[in-house]
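All chains are named by letter (A, B, ...) in the order of the sequence lines, taking the proteins before the strands, and each is independently numbered beginning at 1. Predicted model only: the values in this text are computed from it and were never measured.
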2 protein chains.
Amino acid sequence: MAIRRGITIHDVARRAGVSTTTVSHALNEKGTISERTRERVKSVAADLGYQADALARGLRSSRMGVIGLVLRPLDALGSYAPSGVDYFLRFAGAAAGRALDLGLGLMQVGDLTKRPITPLAFSLDGYIVMDPMDDDPVIGLLQKYEMPFVTLGRDVRRPEANNWVASDDRRSVRTSLSHLHERGARSIAFVAGVDGNSWNRDGEEVYLGWCAEHGVAPRLLHIPESDGEAGGRRAARQLLEEGLPDGVHCMTGRHAAGLQAELREHGVTTPEHLLLVAGSDAEPSRAGTPPITGFDLNPERLAQATVNLLDATIRGEAPPARTLLGSRFIVRASTGGERGA
Amino acid sequence: MAIRRGITIHDVARRAGVSTTTVSHALNEKGTISERTRERVKSVAADLGYQADALARGLRSSRMGVIGLVLRPLDALGSYAPSGVDYFLRFAGAAAGRALDLGLGLMQVGDLTKRPITPLAFSLDGYIVMDPMDDDPVIGLLQKYEMPFVTLGRDVRRPEANNWVASDDRRSVRTSLSHLHERGARSIAFVAGVDGNSWNRDGEEVYLGWCAEHGVAPRLLHIPESDGEAGGRRAARQLLEEGLPDGVHCMTGRHAAGLQAELREHGVTTPEHLLLVAGSDAEPSRAGTPPITGFDLNPERLAQATVNLLDATIRGEAPPARTLLGSRFIVRASTGGERGA
DNA sequence: CGCCGCACATAAAACGTTTTACCTCTGTAG
DNA sequence: CTACAGAGGTAAAACGTTTTATGTGCGGCG
């Protein structure tokens, strides 16, 4: 790949009349060399537009200036650019932006436990793992190689971990259930995904608790995230068969959109016959008929916090932390809209 | 960084009882070695979980498996994670996803002509440059180093270039102006940004042409992209002072949102007193009072096409191409909504 | 004078690959 | 019997750094 950037440390050394060792030391503020020489070397280096080759430097194991991002739910999904799911894209984009502001590159990589892996994968400075699954092998790998990492969403199997940032999903689900109840729903069904991460686990747990508390029988459905709208439709048919609730909370926006569409085709409309909330806002749920009430998880804010935490961890200044950030509840027509039922 | 991945090519060589050369050849399908040895080496390598170190390999100048993404408008903006602009985030996220599907990593990097640069910057396999500016130094740099690249948006100074993908902005602006005209606007102002890219240039050109064609005096305002909503408000005050038009097209969503808010505070509402269109849909414009008509540039689709083109270019299979993709026009309340004026 | 320590600088090893040039067989043609 | 051509393999150089170990020369102290 004819990259031929030319100028190496040798060129600088020759031009400055010193050894390469001296150049390296001068530029990295190491070793013992006179101030005069150091300055001279620096100016020569600047003149020549010298910049150390990252690969060669990395070979001697220093910092690479790049962090990795693994989006576990997308690994499970099979496609890294799913349509109708903007949460991950926004998170990834925002994380890259924040990283850049900190002088770091960010690289999105696939499942580290499956070949082929991006070759650079194990040379990165640290990792963000989004929504790790139950006993996630990727986490195991990172621990084995002693690589710094941070998760977005709690790792359900490591309750003692304190290197995570998460949206306050328990609170969101409570908010949703209260909202549904307040607007008249008495029998509320809950559609969760199947990935074993805290997002699903916490949601279910809060739902079951809420049902117990209110003395109602829970109706908990599990639909694979990867089934998208089709999965939502399946859930709808199941509900139609077994008897309709008057409120539904779907953890994912695509399930919600599919469910709404299927019900509608059977003459069941929202919010008239049934109130509907999506746990995560997405294009298909916003564009539903009518638009579906949901939570904006604010991926930009989450990304910022996550990258900051990883950066601190890498430089060893890690005040390890567990950060919970609230989501924004957006009431739309599927639960009666802004004001009143 | 205690990465200590352990297993090197030497381990494999020792275990297989051959030289490192043989291992390298066996795994890379080079050299002349017997099928038997090749298989044995491969199986040993697999047993040991050997994976070649990307840095060491890159040092010998082969392919890195990573492409770079430069978002020029964000360089100009100063922040890589601006609030209220989701176009870039969505593009970046989707591009990373597509790259991953092709087995490539994607790294977002900052302005290549300004220090400090991510160290890896010049070792990447190729680049996507988004919305290059007029005589963009980043393009110059990439050309100088003979690095493969592709732009999103035409490079206005290189009309002969055929390595780009772009949204059909000329058509979008024409659509917008026709729409405004059709719904009754007779004096239409145009608010563009100041970045010297095809996005702004083409928009202005079409606007001026349209005015000439319809025999109306153009009113062209320039507001820095980085001023965001505040810039839109400034434009609004200028219009109030100099006399209100009955239609406005703002190239950016944030300008549109600011303009709308400011006008509203002066008793001028959309769509009653003035019809408003945003050239690029964004959170602030969608959330306007009322929601603002605009174009979804479909960054996901653009990203897909751009990454595909770069990938082909890198592997030399480049059927160099100029790809124009249409945007989706979304009519909202700021121009009277879905049906009729 | 002899030795130590200090300030400054450098040679050479190391990092883990790929690649180039060379070696040693074995069989075959002359 | 010699020469030559593969086939199969290896030693060593190269990539561009950083780091470790090793010199120098000089001033000061005993």
Side-chain angles (χ1 to χ4, degrees), chain A residues 1-42 44-45 48-65 117 119-124 145, chain B residues 1-42 44-45 48-65 117 119-124 145:
Chain A
M1 277 303 74
I3 288 187
R4 223 190 36 64
R5 284 211 303 126
I7 314 158
T8 78
I9 199 174
H10 291 104
D11 300 318
V12 180
R14 197 167 327 124
R15 177 82 156 257
V18 297
S19 72
T20 62
T21 310
T22 303
V23 175
S24 176
H25 283 166
L27 298 179
N28 299 308
E29 309 290 339
K30 301 222 165 142
T32 65
I33 68 184
S34 72
E35 206 45 43
R36 249 172 46 80
T37 323
R38 189 184 295 276
E39 283 315 316
R40 187 160 46 89
V41 169
K42 278 187 176 175
V44 169
L48 262 45
Y50 168 75
Q51 204 198 8
D53 180 299
L55 299 178
R57 165 177 282 165
L59 202 47
R60 285 298 283 173
S61 84
S62 81
R63 231 160 258 166
M64 196 81 279
I117 323 181
L120 227 44
F122 291 104
S123 309
L124 303 184
Y145 290 149
Chain B
M1 276 303 76
I3 288 186
R4 223 191 34 67
R5 284 211 303 126
I7 313 159
T8 79
I9 199 174
H10 291 104
D11 300 319
V12 179
R14 197 166 328 122
R15 178 83 155 256
V18 296
S19 73
T20 62
T21 309
T22 302
V23 175
S24 176
H25 282 165
L27 298 179
N28 299 308
E29 309 291 339
K30 302 221 167 143
T32 67
I33 67 185
S34 71
E35 205 46 42
R36 247 172 49 78
T37 323
R38 190 183 294 277
E39 283 315 316
R40 186 159 47 87
V41 169
K42 278 187 175 174
V44 169
L48 262 47
Y50 168 73
Q51 205 198 7
D53 181 298
L55 300 178
R57 164 177 283 164
L59 201 49
R60 287 294 288 177
S61 85
S62 80
R63 230 158 260 166
M64 194 83 277
I117 322 180
L120 227 43
F122 292 102
S123 310
L124 303 185
Y145 290 149

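- In this structure, CD1 of A:I9 is placed 14 Å from P of D:dC15, rounded to the nearest angstrom.
- From B:R14, atom CZ reaches atom NE2 of B:H10 across 8.0 Å, with rounding to the nearest 0.5 Å.
- Comparing C:dT17, D:dG9, C:dA9 by their closest approach to the side chain of A:T37 singles out C:dA9.
- Summarising the geometry, the separation between CG on B:D53 and P on D:dT17 is reported as 17 Å, rounded to the nearest angstrom.
- Set against C:dT19, D:dG8, D:dT19, the side chain of B:K30 has C:dT19 as its closest nucleotide.
- Picking from D:dG8, D:dT18, D:dT10 the nucleotide with the shortest atom distance to the side chain of B:H25 gives D:dT10.
- For the pair B:D11 (side chain) and B:T8 (backbone), a donor-acceptor distance under 3.5 Å is present.
- Rounding to whole angstrom units, NE2 of residue B:H10 and C1' of D:dA12 are separated by 11 Å.
- Contact annotation: B:T20 does not reach the phosphate of C:dT18 (side-chain N/O to OP1 or OP2, under 4.0 Å).
- Taking atom CG of residue B:L120 and atom P of nucleotide D:dG16, one finds them 15 Å apart after rounding to whole Å.
- Proximity note for A:S19 (side chain, C-beta onward) versus D:dT17, C:dT17, C:dT10: the nearest is C:dT10.
- In this structure, the nucleotide among C:dT10, C:dA9, D:dT17 sitting nearest to the side chain of A:I33 is C:dA9.
- With C:dG16, D:dG16, D:dT20 as the choices, the nucleotide that has an atom nearest any side-chain atom of A:T8 turns out to be D:dG16.
- Among the nucleotides C:dT18, D:dG16, D:dT10, the one closest to any side-chain atom of B:T22 is D:dT10.
- Rounded to an integer number of Å, the gap from CG of A:N28 to P of D:dT19 is 7 Å.
- When atom types are taken as modelled, the side chain of A:R15 and the backbone of A:V44 share no donor-acceptor pair closer than 3.5 angstrom.
- In this structure, the nucleotide among D:dA12, C:dA12, C:dG16 sitting nearest to the side chain of B:T21 is D:dA12.
- Distances shorter than 4.0 Å separate none of the side-chain N or O atoms of B:S24 from OP1 or OP2 on C:dT17.
- Atom NZ in A:K30 sits 13.0 Å away from atom OG1 in A:T21 (nearest 0.5 Å).
- Between A:R40 and A:E35, none of the side-chain N atoms (NZ, or NE/NH1/NH2) sits under 4.0 Å from a carboxylate O, so this pair counts as no salt bridge.
- Distance CG (B:L55) to P (C:dG16): 10 Å, rounded to an integer number of Å.
- We find that CZ of A:R57 is positioned 18 Å from C1' of C:dG16, with the value rounded to whole Å.
- With C:dT19, C:dT17, D:dT17 as the candidates, the nucleotide lying closest to the side chain of B:Y50 is C:dT17.
- When rounded to the nearest whole Å, the span between CZ of B:R36 and C1' of D:dG9 equals 14 Å.
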